[in-house]
Every structure is written in C-alpha cells, then in structure tokens.
Protein chains: 2
Amino acid sequence: MTKLPDDVPDCMVFLLAKAYQKAHADFKKQLIPYGLTNLQHLVLEGLWYKQGMTAAQLGKFLILDKATLSGVLERMVKGGWIKKQINKKDKRLLSIYTSPKADNLKNDLTKERQKANQEILQGFSIEEKILFKRFLTDVINGG
Amino acid sequence: MTKLPDDVPDCMVFLLAKAYQKAHADFKKQLIPYGLTNLQHLVLEGLWYKQGMTAAQLGKFLILDKATLSGVLERMVKGGWIKKQINKKDKRLLSIYTSPKADNLKNDLTKERQKANQEILQGFSIEEKILFKRFLTDVINGG
DNA sequence: TTAAACTCCTTCGTATACGAACTATATAAA
DNA sequence: TTTATATAGTTCGTATACGAAGGAGTTTAA
C-alpha cells in the first residue's frame with residue numbers, strides 16, 4: 001500500500017475503498033497465524049454475539065449477500081470452525097453454531113481485533129475516533 | 001443494504017468494509033447504463049489524469065495489485081475502452097491510453113462521480129466532509 | 001561478456017462480493 | 001385442497017483483490 005497522491009480527482013468511493021483495503025490487509029496479516037480470513041473472523045464474532053443464528057440472520061447481521069455467505073460457511077464447516085444444523089420445524093433453516101476449536105480462540109481474537117482498531121485509529125484523538133465512526137455508520141445507514 | 005445494528009462488537013475493519021460496500025453498490029448502479037464497473041471507471045479517471053501510464057504506474061496510482069489490474073485492463077481492451085501499446089525501447093512496458101469511446105463519456109462520468117460523492121456525503125456539513133476525507137486519507141497513509 | 005539480479009506483466013490459486021436462476025420447503029389464497 | 005406465493009440456501013456467472021510463481025526483457029556486476 002503506497003502513499004496516496006495529493007491531486008487525484010475527488011472520489012469518495014475510491015477513498016472508502018482504499019481505506020477499507022488498507023485496514024483489511026493489515027488485519028488479514030494479524031489473522032494468518034489463526035488460519036482465519038477477515039470475513040471468517042466476522043462470522044465467528046456474529047455467532048458469539050448470538051449463537052444459533054440462521055444463515056439469513058447472519059447475513060443480515062453482517063450485511064452480506066446470502067450467496068457470499070453460503071461459500072464462506074461451507075469453508076468454515078470444512079475448517080472445523082462452525083457447525084450447521086437443520087431446523088426440524090422448518091427444514092429450510094440452517095442454525096449455525098461455533099465449534100470448541102473456535103471458542104478457544106475467542107479471547108485471542110478479541111485482542112487482535114482491538115489491536116487492529118488501535119492501529120487503524122492510531123493518531124486519532126478520542127473525539128476524532130467517535131466522529132469517524134459516526135461518519136462511517138452514517139454512510140452505511142444513510143441513503 | 002440493511003440498517004446497521006447498534007451493539008455490534010467494535011470493529012473498524014467491519015465499519016470501513018460496509019461503508020465502502022454501500023458506496024460501491026450505489027455507484028455501481030449509476031454506472032450500469034455506461035457498461036462500466038466501478039474499477040474500470042477508476043482506470044479511465046487515472047488515464048485522463050495522466051495518459052499513457054504503464055500498468056505499473058497505473059497500479060501505483062490506483063493503489064492496486066498488478067495481478068488485479070492485469071485482468072481489469074484485459075477486459076477493458078476487450079470492451080474497447082482502452083488501448084495497450086508496447087514500449088519500443090523497453091519491451092516489458094505497456095503504455096495505456098483511453099479510446100475515443102471512453103473519452104466521449106468523460107463529462108458524463110465526471111457528473112456521475114460528483115453525484116455519487118454528494119449522495120455518500122448527503123447530510124454532512126462542509127466541515128464534516130473535509131474532516132471525513134482527512135480521516136480516510138489518514139487511514140490509507142497511516143500505519 | 002556472460003551470469004546474476006531486477007523489473008514488468010501474466011497466470012494460477014483462493015477468497016470475497018453480489019445478481020440471477022434454481023431447488024426445496026412452507027404458507028396463503030382460492 | 002390444490003394452486004399461488006413467499007422464503008431459505010445453493011449454484012452459476014462475472015468482477016474484484018492479492019500472494020506466489022513464472023516468462024520475457026533489461027540492467028548490473030564480476
């Protein structure tokens with residue numbers, strides 16, 4: 001990731017993309033020792049937040065397309081991170097649970113996430129951090 | 001894109017990802033009538049900024065991996081948006097130029113970009129806009 | 001001058017990301 | 001009850017995104 005030129009045409013999508021990619025790339029490196037990708041980590045966070053969510057609920061929680069989630073969940077089952085369980089009352093529904101292997105990493109992953117937050121917001125004052133998060137949520141919710 | 005829950009675990013990578021994805025999805029829709037993707041539009045902006053850049057220079061300008069750019073450029077040549085030209089002095093280098101078909105859309109695309117910026121920053125005061133952009137560039141450059 | 005080192009671009013592998021079409025299941029309506 | 005509609009997941013197609021390895025060309029160094 002190189003220095004951003006000063007005089008690019010003004011484009012918010014570009015700025016958001018590159019800020020995201022920078023943060024993503026750094027956190028990705030932090031997660032390599034755990035054998036987890038960024039998104040897979042988010043799936044675990046989602047399930048720890050509310051265990052047994054269906055794929056649809058998880059997708060809503062993570063603001064993620066069901067098509068994307070489908071593949072991620074498949075790889076996470078294969079990796080032993082989660083279990084899928086078909087709902088007996090409604091056979092369309094998949095309830096998803098974290099595995100013990102995942103749960104054992106919960107504290108470590110929380111620390112990694114906090115470390116990532118710190119590095120991303122390094123140099124930001126407390127007020128700026130709050131403001132920045134408000135701006136981002138405004139972009140997400142606004143429209 | 002649904003409403004963001006209030007009590008997610010604090011994760012900047014998530015916020016940045018979703019803010020980017022929201023902005024990206026909206027701009028993507030704007031670009032459909034032109035037959036261009038978001039990134040392809042950025043390639044044109046890059047070339048209008050400095051015509052004849054090599055793939056490596058363009059990648060640096062757009063903060064993009066050469067492997068990603070390679071495929072994008074191939075599709076853009078196929079679509080008639082750009083021309084690749086091998087440098088005679090150094091046969092490794094590809095100089096890249098926009099096509100007349102692309103140049104004809106320059107004004108329209110500029111307007112679309114400005115419209116996208118407005119929508120993303122809708123509700124932001126002038127000071128907030130400046131601050132937000134500073135925050136994002138800080139994330140990109142900082143580390 | 002010839003081998004080593006370097007650079008540019010492509011190709012491959014893997015993981016997002018999402019629209020669209022499809023299957024299976026469940027519910028609503030006629 | 002049978003049909004219509006709706007919902008949950010999967011699959012397919014296309015486009016990023018990037019690390020790693022490879023091929024071709026250039027430069028440096030012994």
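We name chains A, B, ... by the order of the sequence lines, and we start the count at 1 in each one. Predicted model only: the values in this text are computed from it and were never measured.
Counting to the nearest Å, the P atom of C/dT27 and the CG atom of A/Asn87 are 11 Å from each other. Atom-to-atom, CE of B/Met53 to P of C/dC8 comes out at 14 Å; the value is rounded to the nearest Å. Note: CZ (B/Phe61) to P (C/dC8) measures 18 Å, nearest angstrom. Atom CG of B/Asp26 and atom P of C/dG19 are 11 Å apart (whole Å). Distance A/Asn38 CG to C/dT16 P: 9 Å, rounded to the nearest Å. Rounded to whole Å, atom P of C/dA20 lies 10 Å from atom NZ of B/Lys29. In this structure, CZ of B/Phe27 is placed 18 Å from C1' of C/dA17, rounded to the nearest angstrom. The interatomic distance linking B/Asp65 (CG) with C/dT16 (P) rounds to 17 Å, in whole Å.
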Check your understanding: Do A/Gln21 and B/Tyr20 pass the side-chain hydrogen bond (donor to acceptor under 3.5 Å, both in side chains) test, and can you show the C-alpha distance, the side-chain angles, and the key distance before you say yes or no?
Key -> CA-CA 9 Å; A/Gln21 282 166 17; B/Tyr20 158 61; 5.0 Å; no

Review point. Would B/Glu112 and B/Tyr34 satisfy side chain to side chain contact (heavy atoms under 4.5 Å, CB included), going step by step from the backbone distance to the final call?
Key: CA-CA 10 Å; B/Glu112 296 292 352; B/Tyr34 300 92; 2.8 Å; yes

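Here the side chains of A/Leu94 and A/Asn87 are not in contact, with every heavy-atom distance at 4.5 Å or above. Looking only at side-chain heavy atoms (C-beta outward), B/Lys133 and A/Leu15 come within less than 4.5 Å of each other. Counting only heavy atoms from C-beta outward, the side chains of A/Val43 and A/Leu47 approach each other to under 4.5 Å.
Positionally, the nearest nucleotide of DNA chain D for A/Thr68 lies more toward the 5' end than for the other of A/Thr68 and B/Leu39. Between A/Lys89 and A/His24, the residue anchored nearer the 5' end of DNA chain C, judged by the nucleotide with its closest heavy atom, is A/His24.
The shortest distance between the side-chain N/O atoms of A/Gln40 and the OP1/OP2 oxygens of C/dT16 is below 4.0 Å. The phosphate of C/dA17 (OP1 or OP2) has a side-chain N or O of A/Tyr20 nearer than 4.0 angstrom. Residue B/Thr37 places at least one side-chain N or O under 4.0 Å from the OP1 or OP2 atom of D/dT16.
Remark: DNA chain C takes part in the stems C:1-30 with D:1-30, each of 3 or more antiparallel Watson-Crick or G-U pairs, criterion distances under 3.5 Å.
The 12-atom threshold is exceeded at NZ of A/Lys101, counting heavy atoms of other residues, nucleotides or ligands nearer than 6.0 Å.
Here the CZ atom belonging to B/Phe132 is positioned 10.5 Å from the CZ atom belonging to A/Arg134, to the nearest 0.5 angstrom.
Electrostatic pairing of B/Glu74 and B/Lys84 does not count as a salt bridge here, judged by no charged N lying under 4.0 Å from a carboxylate O.
With 3.5 Å as the limit, one finds a donor-acceptor pair spanning the side chains of B/Asp103 and B/Thr98.
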Exercise for review: If a protein heavy atom is under 4.0 Å from the base, mark B; if only from the sugar-phosphate, S; if neither, -; do that for nucleotides 3-10 of chain D going 5' to 3'.
Suggested key: ---BBSBB

